[in-house]
Amino acid sequence: MSVLNQLFNRGLLGPKCKTCLTLAISRIKLLQNKRDLQTKLMRKEIAEFLRAGQEAIARIRVEHVIREQNTWEAYEILELFCEFVLARVPILESKRECPTELREAVASIIFSAPRCSDLPDLLHVRNLFAAKYGKEFIAAASELRPDARVNRTIIEKLSVSAPPTDLKVKVLKEIAREYMIDWDSTETETELSKKPEDLLNGPKQIAVQPQTHSRPNSTAKSSSNDKKGQQNSEYSPTYTSSSPRVGPTLTESSNAKPIAEIKSISWESSDAMQRARTAIAAADRASAAARAAAHLVNFKLNDQKI
């Protein structure tokens with residue numbers, strides 16, 4: 001249907017375009033009043049934060065104030081463009097291509113329609129322009145091609161990028177002056193002038209320790225480990241043929257075994273020696289008791305003889 005309309009030089013503008021533009025103009029006026037009240041409330045809150053010394057919160061809230069002001073100014077320009085196009089809808093209907101004097105207004109409305117969610121009427125106007133001039137014309141305005149002729153002020157005001165630092169400080173000073181607050185902006189200026197750190201890539205400067213310090217440490221650790229091994233080998237008990245062979249015998253060749261194995265063998269031999277000493281002490285006590293019993297028996301026999 002749109003191809004036939006383009007061939008016969010007829011668009012789908014007419015009453016539909018006039019209705020949508022009229023609704024958009026009235027909606028813009030209502031939104032401007034609403035945003036004006038919201039901006040005043042936010043400025044008052046920022047003044048209270050500045051008076052309480054909470055500058056960090058004020059620096060964050062001022063971005064919302066700037067964004068609301070930019071949107072309000074963009075809506076003001078869009079209102080003028082909508083009224084301009086509304087008065088010249090018959091010219092748009094009569095010509096196949098978009099007139100040069102209306103190209104900036106039409107392209108600005110096409111560019112702003114998807115970025116102004118509060119104005120659904122502009123999307124309907126954008127669809128009407130797409131049916132009239134084709135998708136290539138809509139893409140040129142949406143993608144900001146060189147021949148699109150979108151208004152530069154609307155592009156800047158509807159941008160989603162963060163506002164510059166000097167603008168933040170300027171608005172904060174205006175708010176402090178408006179509510180008669182004695183506020184020193186040096187701390188805020190220094191804080192905003194700092195460059196944000198790139199936390200994803202890590203800190204930019206890393207303190208690298210020289211490698212000369214790490215080598216002596218490693219050699220010192222190896223030498224200390226060697227000394228500990230020598231001490232363990234020196235203090236590990238060795239048993240020769242002259243000592244009682246209660247446990248396993250260790251010789252000089254056992255020094256080549258691991259330290260843990262040597263310790264386990266020494267612990268087993270010490271346990272065996274302890275058991276042997278306990279057995280010998282028990283035997284000595286038993287022999288002493290036997291001698292005492294024999295001595296008592298002999299003593300009783302002598303008394304009977306007497």
Side-chain angles (χ1 to χ4, degrees), residues 21 23-86 104-105 107-123 141-142 144 148-200:
L21 289 173
L23 292 174
I25 292 169
S26 60
R27 197 184 298 271
I28 286 173
K29 292 180 180 179
L30 291 175
L31 289 174
Q32 281 181 331
N33 296 330
K34 182 180 178 180
R35 289 181 181 275
D36 194 10
L37 293 175
Q38 291 178 352
T39 304
K40 289 180 179 179
L41 290 176
M42 287 190 292
R43 290 171 73 92
K44 186 177 180 181
E45 291 178 356
I46 292 173
E48 293 177 357
F49 287 130
L50 292 177
R51 187 178 287 109
Q54 298 178 355
E55 297 185 9
I57 303 177
R59 288 194 294 267
I60 297 173
R61 295 290 183 89
V62 75
E63 294 185 6
H64 296 285
V65 173
I66 295 172
R67 190 171 292 110
E68 290 292 329
Q69 291 178 354
N70 291 339
T71 307
W72 191 91
E73 294 175 5
Y75 281 0
E76 189 176 8
I77 299 174
L78 282 175
E79 183 182 0
L80 296 176
F81 282 152
C82 288
E83 291 178 353
F84 184 67
V85 174
L86 178 62
E104 182 181 1
S108 300
I109 292 173
I110 293 171
F111 173 80
S112 305
R115 292 167 176 81
C116 299
S117 59
D118 297 334
L119 301 173
D121 303 310
L122 293 182
L123 288 175
S142 301
L144 296 177
R149 297 185 183 180
V150 181
N151 186 268
R152 286 293 170 185
T153 306
I154 288 182
I155 296 174
E156 294 176 0
K157 298 302 179 182
L158 295 180
S159 176
V160 295
S161 59
T165 303
D166 54 351
L167 183 58
K168 294 181 185 179
V169 177
K170 180 182 178 181
V171 175
L172 288 173
K173 288 181 179 179
E174 290 178 357
I175 295 172
R177 194 182 306 111
E178 180 182 356
Y179 289 90
M180 294 180 291
I181 300 173
D182 187 10
W183 175 63
D184 188 8
S185 62
T186 54
E187 182 179 355
T188 301
E189 290 177 358
T190 54
E191 188 68 23
L192 292 176
S193 61
K194 292 181 181 179
K195 294 182 179 180
E197 292 186 8
D198 192 359
L199 300 178
L200 295 177

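- Every residue two or more places apart in sequence or in another chain was checked for a salt bridge (Lys or Arg N to Asp or Glu O under 4.0 Å) with E83, and none qualifies.
- Taking OG1 of T71 as the reference point, atom CD of E76 lies at 13.0 Å (rounded to 0.5 Å).
- Under the rule for a side-chain contact (heavy atoms from CB on, under 4.5 Å), the partners of T153 that lie at least two apart in sequence or sit in another chain are I77, N151, K157.
- Closest approach of I110 to A141, counting heavy atoms only: CG2-CB, 3.9 Å.
- Residues forming a side-chain contact (heavy atoms from CB on, under 4.5 Å) with K29 (at least two apart in sequence, or on another chain): I25, E79.
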Throw together a table of side-chain donor-acceptor distances under 3.5 angstrom for residues 164-177, partners on residues two or more places apart or in other chains.
{"unit_1": "K168", "atom_1": "NZ", "unit_2": "E63", "atom_2": "OE2", "d": "2.6"}

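- D182 CG: 12 or fewer foreign heavy atoms inside a 6.0 Å radius.
- A distance of 10.5 Å separates CG of L23 from CG of L122, quoted to the nearest 0.5 Å.
- Distance NZ/K34 to CZ/R27: 11.0 Å, rounded to 0.5 Å.
- Listed by first then second residue, pairs satisfying side-chain hydrogen bond (donor to acceptor under 3.5 Å, both in side chains) with a partner in residues 51-61 read E45-R61, E55-W183, E55-T188, not counting sequence neighbours.
- Sorted by first then second residue, the side-chain hydrogen bond (donor to acceptor under 3.5 Å, both in side chains) pairs that include residues 109-120, not counting sequence neighbours, are R35-D118.
- Taking both residues in full, the closest heavy atoms of A148 and A107 are given as O-CB, 3.2 Å, listed atom of the first, atom of the second, then distance.
- You'll find the side chain of I66 reaches within 4.5 Å of the side chain of N70, heavy atoms only.
- Summarising the geometry, atom CG belonging to L78 is positioned 4.0 Å from atom CD1 belonging to I154; distances are rounded to the nearest 0.5 Å.
- The shortest heavy-atom contact between K40 and Y179 is O-OH, 4.0 Å.
- Atom-to-atom distance recorded for H64:NE2 and Q69:CD is 13.5 Å, nearest 0.5 angstrom.
- Taking 4.5 Å as the limit, every side-chain heavy atom of L21 sits out of range of all side-chain heavy atoms of D121.
- The line from OH of Y75 to CG of L158 is 8.0 Å long, rounded to the nearest 0.5 Å.
- When atom types are taken as modelled, the side chain of S159 and the backbone of I155 share no donor-acceptor pair closer than 3.5 angstrom.
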